[in-house]
Structure formats: C-alpha cells, structure tokens
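Only one structure is covered here, and it is reproduced in the block below.
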Protein chains: 2
Amino acid sequence: MRGGTLRWTHIHALALTALALGEPAVAADAPPVIPPEMRRTAEALVDKAFVGTRASEWVRGLVDTAGSRLSGSPGDKLAIEWGVATLKRLGFANVRAEKLMAPHWVRGVETGEVVAPYPHKLFLTALGGSVPTPESGLDAEILEVANLEELDAKKPEDVRGKIVFINKRMQRTLDGTGYGKAADVRHRGASRAAKQGAIGVIIRSIGTDSNRTPHTGGMRYLDGIPKIPAAAVSNPDADLLERLGKEGKPVRVRFTLGCRDKGEAETANVIGEVPGRGSPKEIIVLGCHRDAWELGTGAEDDAAGCGIVIEAARLIAGLGSRPRRTIRVVLYANEENGLAGGRKYAADHAAELPLHAAALEADLGSGRPIGFSWNAGPSSIPLMKEISSLLEPLGASALTPDGLGGADISPLVLSGVPLFSVRQEASRYFDLHHTPNDTFDKIDIPSLDKMTAAVAAFAYVAASMKEPFEKIPAEKRKLPEF
Amino acid sequence: MRGGTLRWTHIHALALTALALGEPAVAADAPPVIPPEMRRTAEALVDKAFVGTRASEWVRGLVDTAGSRLSGSPGDKLAIEWGVATLKRLGFANVRAEKLMAPHWVRGVETGEVVAPYPHKLFLTALGGSVPTPESGLDAEILEVANLEELDAKKPEDVRGKIVFINKRMQRTLDGTGYGKAADVRHRGASRAAKQGAIGVIIRSIGTDSNRTPHTGGMRYLDGIPKIPAAAVSNPDADLLERLGKEGKPVRVRFTLGCRDKGEAETANVIGEVPGRGSPKEIIVLGCHRDAWELGTGAEDDAAGCGIVIEAARLIAGLGSRPRRTIRVVLYANEENGLAGGRKYAADHAAELPLHAAALEADLGSGRPIGFSWNAGPSSIPLMKEISSLLEPLGASALTPDGLGGADISPLVLSGVPLFSVRQEASRYFDLHHTPNDTFDKIDIPSLDKMTAAVAAFAYVAASMKEPFEKIPAEKRKLPEF
C-alpha cells in the first residue's frame with residue numbers, strides 16, 4: 001500500500017467500538033496472577049509518574065535535533081543518527097539502524113485563493129501523496145458536499161470540471177475517536193471526486209482547531225481513476241467557503257500544489273534492547289515512529305511516543321533485577337506515508353516473530369493514559385485486569401479487550417503476536433496533528449510521565465511473567481483494512 | 001508619525017493604571033441625573049443584549065466582502081464600498097467616504113530558518129513598516145536579549161553584525177493589559193538594535209497563543225539610525241530559539257523579507273449619521289477602524305468594533321423618539337499603520353469639534369464589556385455612575401475615570417472632546433491579534449451583543465441629556481506619547 005494511510009489513530013477508533021470490561025479488579029476468590037514481589041516492582045515503576053521521568057528529554061532531543069523529518073528528508077537522516085546515538089548513550093544493547101526503502105514525497109509551492117464572489121486568500125496544504133497541480137494551478141467553481149456519501153450521490157454532470165469541496169467536520173472527543181469518523185474524506189476523497197469528473201478536491205481539515213494551519217496527512221489514489229490534486233483548507237477557510245456558498249453565488253477557487261513523488265529513499269528503523277535475563281530471545285517490542293509530517297516538528301506525533309518507550313525501557317533497565325524477556329525499543333520509519341518501517345520489521349524478523357511475546361506502540365501524543373486496549377488470546381484477561389489495577393493511581397485502569405496495537409506493529413497481527421496499546425486522552429491532540437503547530441511546547445510533561453510509567457509497568461510485567469500472553473487466536477489475525 | 005504605531009490597546013494599558021471608583025451607584029441623597037423616561041429607554045437598549053442584535057451581520061459583511069484590507073490594498077477599497085453601501089442600506093443619513101492619503105506598505109516574500117546548530121524552518125513575518133532584507137536575505141548569528149533594557153546594556157562589539165532576538169513574552173490577562181507591557185519591543189526594537197550595530201531584529205510575537213502564526217503589527221524607525229529589517233517569529237519558534245540558545249552553541253538564523261514601502265495611497269473614512277432632533281449640530285462620534293492587518297481578515301480587529309458601533313447607532317435610530325444630538329458613526333481608515341484616518345478626521349472637522357459632545361471607539365474585539373474608561377471633566381462622574389449602573393445586567397459597571405478613548409479618536413483630545421471607551425474582556429484577543437487567525441469564526445456573538453447594547457445605552461444617554469459632558473480639562477488635553 002505505497003503512499004497509503006494506515007494511521008493508528010484511525011485503527012484506534014475502530015477498537016473503541018469494543019465493549020469495556022467494567023471495573024478492573026482482581027477477583028476476590030482467585031489467587032493473584034502477578035507474584036507479590038513483581039507487583040511491588042511494577043508499583044514502583046508506576047510511582048515514577050509522580051516523581052517525574054526523563055521522557056521529555058528524549059522528546060526534545062528528537063524534535064530539536066531532527067525537526068521536520070518525513071521519510072527521505074534531511075531531517076529523517078538526522079533522526080536516525082539521533083536515535084542511534086541516544087540509545088547507545090543511554091546504555092541500550094544491540095543498537096542498530098535497520099535500513100529499508102520508503103516512499104519519498106516532497107511538498108512544493110502551495111497557494112490558494114477564493115477568486116469569486118470576493119477575493120480571499122485560502123490557507124491550504126497538499127495532502128500527503130497528492131499529485132501536483134499544473135504550474136498555473138487549478139481554477140474552477142467549487143461544488144460543496146458534506147461527505148463522501150453525498151459526493152457519490154451527485155450526478156457526474158454536476159461534478160464534471162469542478163473542484164469538489166468536502167466539508168466534513170471532525171468532532172472533538174476525549175479520546176480522539178472523532179478522527180476515525182472524519183478521516184475517510186482525506187483517505188478516499190480524491191478518487192471518489194475524480195470518479196465523478198472533478199478536476200481537484202479540497203477537504204476541510206481533519207482537525208479540531210480553528211487556526212489557519214491546514215492539516216496534512218496521507219491519502220491514496222485508487223487504480224484506474226485519474227489522479228487529481230488534493231488539498232486540505234484550514235477550518236476557518238472551510239468556514240469561509242461554507243458561508244460564501246450559502247450566499248448562493250458561484251464560489252470560484254484557484255490553487256497550486258507543487259508537490260512531487262520522488263520515488264523511494266533509504267531510511268531505517270532504529271532499534272535498541274534491554275536484554276532479558278532468563279529468556280533473552282523472547283521479545284517485548286515497545287514501538288513508536290520516528291518520522292513525522294514535515295509541516296511541524298512532530299513533537300506530539302510521534303516524538304512523544306518515542307520519548308515514552310525509550311524512557312520506559314530505560315527505567316526497566318535501571319531496576320535491580322532485570323525481567324526475563326528482552327525489551328526491544330523500535331523507533332519505526334515511515335509510519336506517516338507508507339508504513340514501510342512496520343512492514344519491513346515484520347518481514348526481516350519473521351523468523352523470530354514466534355518469540356515475540358508482546359508488542360505495544362505509543363502514537364497518540366503526550367495525553368494522559370486512560371487504560372489498555374489489546375488483541376491477544378482470551379486467557380490474557382485476568383493478567384490484564386491485574387496490570388490495569390496497577391494503573392489505578394494514574395486513573396488509567398479502563399480495559400478495552402479488542403485493540404489493534406498501533407500502525408507500525410499492526411503487521412505482526414498475522415503472526416499472532418499479542419498487540420497492546422495504552423489508550424490516551426486526546427481531546428487537544430487533533431488541534432495540532434499534522435500541522436506546523438505540532439511543536440515541543442505542546443508536550444504535556446506530567447501526562448507524558450504518566451504514560452511512560454504506564455508503559456513501563458506493562459512492559460515490565462509482560463517481560464517478567466513466567467507464562468507469556470496467549471497468542472492472538474487465528475480468527476483475529478487480520479490486518480486492518482482501509 | 002508616518003508608519004507609526006499608535007495602537008489603542010497600548011493606550012488602554014496606560015488607562016488601567018488609574019484608580020477605579022469603587023461601586024458605581026447613585027448616591028441615595030442625590031436626585032437622579034438621568035430622567036426616568038430616558039432611563040427606561042436606555043434599559044430597553046441594554047435588554048437588546050439578551051434579545052440578540054444584528055451586530056454580527058455587519059461584522060460578517062465587512063469580513064467576507066473585503067477580507068484582507070490594509071490601507072491601499074484592493075480589500076481597503078472593497079471595505080470603503082461595503083461601508084458606504086451598508087450604511088446607506090441601513091438608512092443612515094449623510095453617508096459619505098471622506099477621502100485621505102495614508103501610508104501604503106505591502107508585505108512580500110517571507111522566509112526564515114535556523115541554519116545552525118540544527119536546521120529548522122522558522123515561521124516569521126515582517127513587522128508592519130519594516131524595510132526589506134537584501135534579496136538573498138540576512139544570515140547571521142543571533143544575540144538573544146530579554147528586553148530593550150538588556151539590549152541597551154550590551155556592548156556594541158557584542159551586537160555588531162548580529163541579528164538581535166528580543167525574547168520578551170506577553171502575559172495573558174483578563175483585559176489584555178499584557179499587550180501594552182510587551183509591545184515596546186515591536187515598536188522600538190529595530191532602532192534600538194540598529195543603534196548597537198545589529199543588522200536585523202527578530203522579536204518573539206506579541207501574542208498569547210502557541211501557534212506557528214507570528215503576529216505582525218506596526219513599528220517605526222528613529223531618524224538618524226540605520227533602518228534594519230524587523231520580523232516577529234511565532235511563539236513556538238521563539239521557544240525553539242530559546243532552547244537552542246541554552247545549549248550554548250551559536251545559533252545562526254537566515255531570513256528574507258520582501259516587503260515594500262509604496263509611499264501613500266488614497267483611502268477614506270466612511271461616515272454615516274443618525275441626525276439628532278433638538279441639537280443636530282452637536283455630535284456623538286461612535287468610531288471603529290475599517291482597515292486591518294492583511295495576514296488575516298481583521299474580524300476581531302476591528303470588524304467587531306464596526307459591527308458594534310453600526311448596530312448601536314441603528315438600534316438608536318429605531319427608537320420611537322430620537323435623541324437630541326446627532327450620532328455619527330465613523331469607520332476610520334488606516335488605524336493600523338499610520339492613524340491617518342483619525343488625524344484627517346480631526347483636521348477636516350476642526351471647525352465643528354467644539355460641538356463634538358463625546359467620542360467613543362470600539363477596538364478590542366468581541367469580548368464582553370467590563371465597564372467604562374473615559375477622559376472628561378470631573379462633573380462627568382455622577383452621570384457616568386448612572387450610565388454604568390444601567391450596565392449592571394451586563395456585568396459591565398466598573399468605572400475607570402482616566403481612559404483615552406481609542407487610537408482613532410485620540411487626536412480629538414486636543415480639542416477637549418470627552419473621550420470614552422467600553423472596557424472589554426480580552427483574555428483570548430491576543431491569541432489571534434494581527435495574525436492569519438483573526439477570522440469571523442472567532443467572533444463571540446453573545447458578547448458582541450452585550451458590547452453593542454452597552455455602547456447603544458451610553459450613546460443614547462450621551463446624545464439625549466440636556467447638558468453635555470464637561471470638556472476635558474486643559475491639563476489633560478495631551479496626545480498620548482510613544
């Protein structure tokens with residue numbers, strides 16, 4: 001799925017349709033699954049949330065050193081260097097960059113304006129993977145639709161030659177689930193509009209803010225349908241188009257995108273390990289993604305996740321007694337526009353995937369933890385209840401036993417590797433997601449510390465329990481479809 | 001003061017150092033100043049706040065029709081046309097555009113980047129009135145200072161050849177008074193840095209947000225000092241420069257400004273009147289400014305003020321019995337970069353200024369009213385206490401008897417015209433002030449209605465009372481200095 005759009009936050013939305021398990025608690029009449037000493041150590045890790053952790057240092061290191069870092073960019077290379085140097089400096093074992101090829105798309109000139117009925121500048125940005133406009137731009141009347149279904153129902157003669165404006169508004173929710181409900185427009189809008197004869201598509205940004213900073217993000221073209229330029233306008237600009245449209249006069253728009261598909265470029269997953277003591281070949285993957293859309297500096301998306309998993313592993317490495325299994329931190333490449341990092345990891349490590357005891361990914365910013373979602377065999381439930389009870393001091397004990405883990409680790413589902421995610425508050429995350437505003441000042445450090453503690457406690461227990469989690473049952477070993 | 005920076009919000013900050021008068025109330029033993037029937041009519045105007053007004057329609061009309069409208073721009077002309085057409089359509093009398101010449105400055109290409117120690121894009125924008133950089137840009141190490149005082153204390157050899165970065169942070173306050181305390185950096189930073197040998201100046205945006213949308217605004221050069229390019233970086237970019245500076249390595253920045261001083265251009269104050277019944281030659285001016293910095297569409301600054309004063313006058317025109325004096329709505333030109341509109345009004349109307357009974361300006365967005373500040377003779381106090389008691393239902397009865405009215409009406413001070421302002425909540429106003437984010441969606445319509453009602457009640461009473469306000473005493477007839 002080159003140039004595809006497998007976004008974890010989208011997957012996440014699906015997961016939350018699952019039933020919660022109610023109050024997590026250890027049944028009074030069952031013996032505890034986690035031995036007392038292991039529990040005490042895990043509790044000490046949870047307490048790190050209140051002492052403070054160094055997670056924000058690693059976030060800041062990645063953000064300030066590498067900045068803008070889409071696959072193939074100079075920042076991408078700096079981020080690989082930073083990742084290798086940082087993991088080595090922190091004492092991780094087997095630190096390496098596992099090379100791979102990933103899509104290389106670059107943004108170019110971007111201009112937008114309302115030509116009629118009144119002149120206005122439009123703040124817009126190319127969706128990731130879009131083809132460019134002609135150099136002179138596109139200039140046409142817009143046809144406003146509320147969503148893809150309304151677009152599909154239009155007569156081709158009403159769409160032909162127009163720029164389709166898809167005006168679907170993302171809703172703000174506690175956990176960011178509004179994103180999954182709106183993002184279809186970004187993923188599929190261009191081909192759906194082109195199928196009806198449109199010459200370009202403009203979408204309302206998939207975001208909850210009211211800034212003139214449009215939200216980019218991956219899109220893809222369907223085979224056999226003309227590829228038309230696709231851009232997002234900021235929410236205030238979408239409001240303007242909506243108001244002008246209500247006046248009843250034709251609204252004409254002109255825009256230019258100079259983006260380019262440059263084929264593929266070399267990049268790398270950056271990996272470091274905390275070797276296990278008893279069963280070092282058994283692996284707990286803690287993942288995040290090292291790349292970021294290049295408009296901002298990807299502090300929340302996903303330097304935050306990298307800070308969380310690096311620090312969680314570092315805290316475990318510093319314990320008096322190391323856990324049984326190896327904790328493997330993977331800073332994935334190319335989550336945003338291709339998922340080449342996640343796929344390559346699954347392919348290169350196919351032989352050892354049967355020994356992957358669990359994989360968890362952090363990719364929803366620095367918001368506080370809410371609880372777990374996961375995909376594993378049903379016998380995982382009692383242990384997950386106990387782990388979640390550990391997180392009660394963090395207010396993060398909700399359980400959603402039907403998650404998908406995360407975009408980069410999602411290919412592991414085919415091998416049955418148990419997949420985990422710590423759900424997070426994300427009510428402000430989509431104000432800045434995929435915009436220039438995703439910068440270090442947005443990191444909520446106390447919440448980041450809570451997330452770090454939650455991931456550390458989970459990883460420590462998962463790496464220490466004698467019996468690993470039950471693998472994903474065969475019927476649940478399905479790649480998410482988009 | 002061509003290209004000067006007489007900003008009302010700055011003046012306002014000074015006003016608030018004045019003592020408040022405590023609880024506004026009519027002294028129990030004094031007869032009421034406002035006759036009962038007049039008071040009932042004023043109360044009915046206050047009630048419009050809760051019924052709803054049409055102020056937001058006029059805001060939207062100006063913003064959507066004229067959009068970006070700095071003096072001399074195409075939008076400026078559209079705004080004049082809109083103003084004349086709208087005032088005529090609403091039935092105002094003597095509607096006209098009083099032409100004048102104003103500074104014509106245009107923004108050009110703007111680029112910014114951190115070159116060392118790590119590559120980063122910088123989001124910056126020219127301060128209004130800045131000279132351009134050479135076409136190849138400026139490229140130099142930055143010297144960070146906290147404020148003008150620290151800059152002045154530097155040795156010239158430490159400043160020479162550098163780009164000075166003034167990192168003064170504006171504080172968020174209820175009524176926006178943090179602005180006046182930070183804006184000196186924007187007004188005076190360039191000449192103060194140039195005096196020490198700097199080749200350019202970059203300031204932290206004067207704004208309370210954390211968006212990558214830098215705040216522009218007027219600046220001026222002192223005579224006899226080289227004019228150096230002046231830009232504002234967004235707050236997150238200033239944070240980045242600050243963090244990089246703390247690493248101890250030299251921070252090198254490159255930036256390009258393509259702005260141009262194009263001399264002067266024709267513009268106009270747009271005026272319409274509600275003629276008085278008994279003393280139509282006596283004038284109550286209700287002012288706002290029609291121009292706006294061109295990055296956004298000036299919805300809060302100052303289409304909001306125009307909506308307020310137009311609607312307040314329209315509500316008064318619709319009363320069963322019209323007040324004694326004429327209400328004159330003035331949509332001033334060129335408040336942002338020259339104040340040519342305010343000066344020209346004072347000059348052209350010099351002969352009738354003795355008959356100007358009061359002037360009020362609305363120029364702080366759509367925030368709710370808090371109370372009054374004003375400058376008039378001391379006998380104004382009992383009447384102002386009664387007017388403020390009318391506004392108790394709006395929560396707007398605080399009195400600050402030492403205001404300056406507003407930038408556009410400030411030249412009237414020399415003639416002793418009593419000057420008034422309704423103070424407003426402005427805690428969010430400086431998130432978007434002078435940025436692209438100043439768009440119609442930011443208008444707080446219920447608060448705008450409250451402001452409209454407050455202005456209408458004041459103007460009605462000021463226009464109806466038999467005795468006009470006492471003129472400003474001679475010792476207080478001073479133009480604010482900057």
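Every chain is numbered from 1, with letters handed out A, B, ... down the list of sequences.
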Determine which donor-acceptor pairs between chain A and chain B fall under 3.5 Å and list them with their distances.
from	atom 1	to	atom 2	distance (Å)
D64(A)	O	H120(B)	NE2	2.6
D64(A)	OD1	R243(B)	NE	3.3
D64(A)	OD1	R243(B)	NH2	2.7
D64(A)	OD2	R243(B)	NE	2.8
H120(A)	NE2	D64(B)	O	2.6
S210(A)	O	K442(B)	NZ	2.7
N211(A)	OD1	N211(B)	ND2	3.1
N211(A)	OD1	N437(B)	ND2	3.2
N211(A)	ND2	N211(B)	OD1	3.1
R212(A)	N	N437(B)	OD1	2.5
R212(A)	NH1	P436(B)	O	2.6
R243(A)	NE	D64(B)	OD1	3.4
R243(A)	NE	D64(B)	OD2	2.8
R243(A)	NH2	D64(B)	OD1	2.7
P436(A)	O	R212(B)	NH1	2.7
N437(A)	OD1	R212(B)	N	2.5
N437(A)	ND2	N211(B)	OD1	3.2
K442(A)	NZ	S210(B)	O	2.7

- Query: Side chain, backbone, both or neither: which part of L432(A) has a heavy atom under 4.5 Å from chain B?
  - Reply: neither
- Note on the structure: Residue from P117(A), G67(A), G296(A), P236(A) scoring the most non-hydrogen pairs under 4.5 Å with chain B is P236(A)
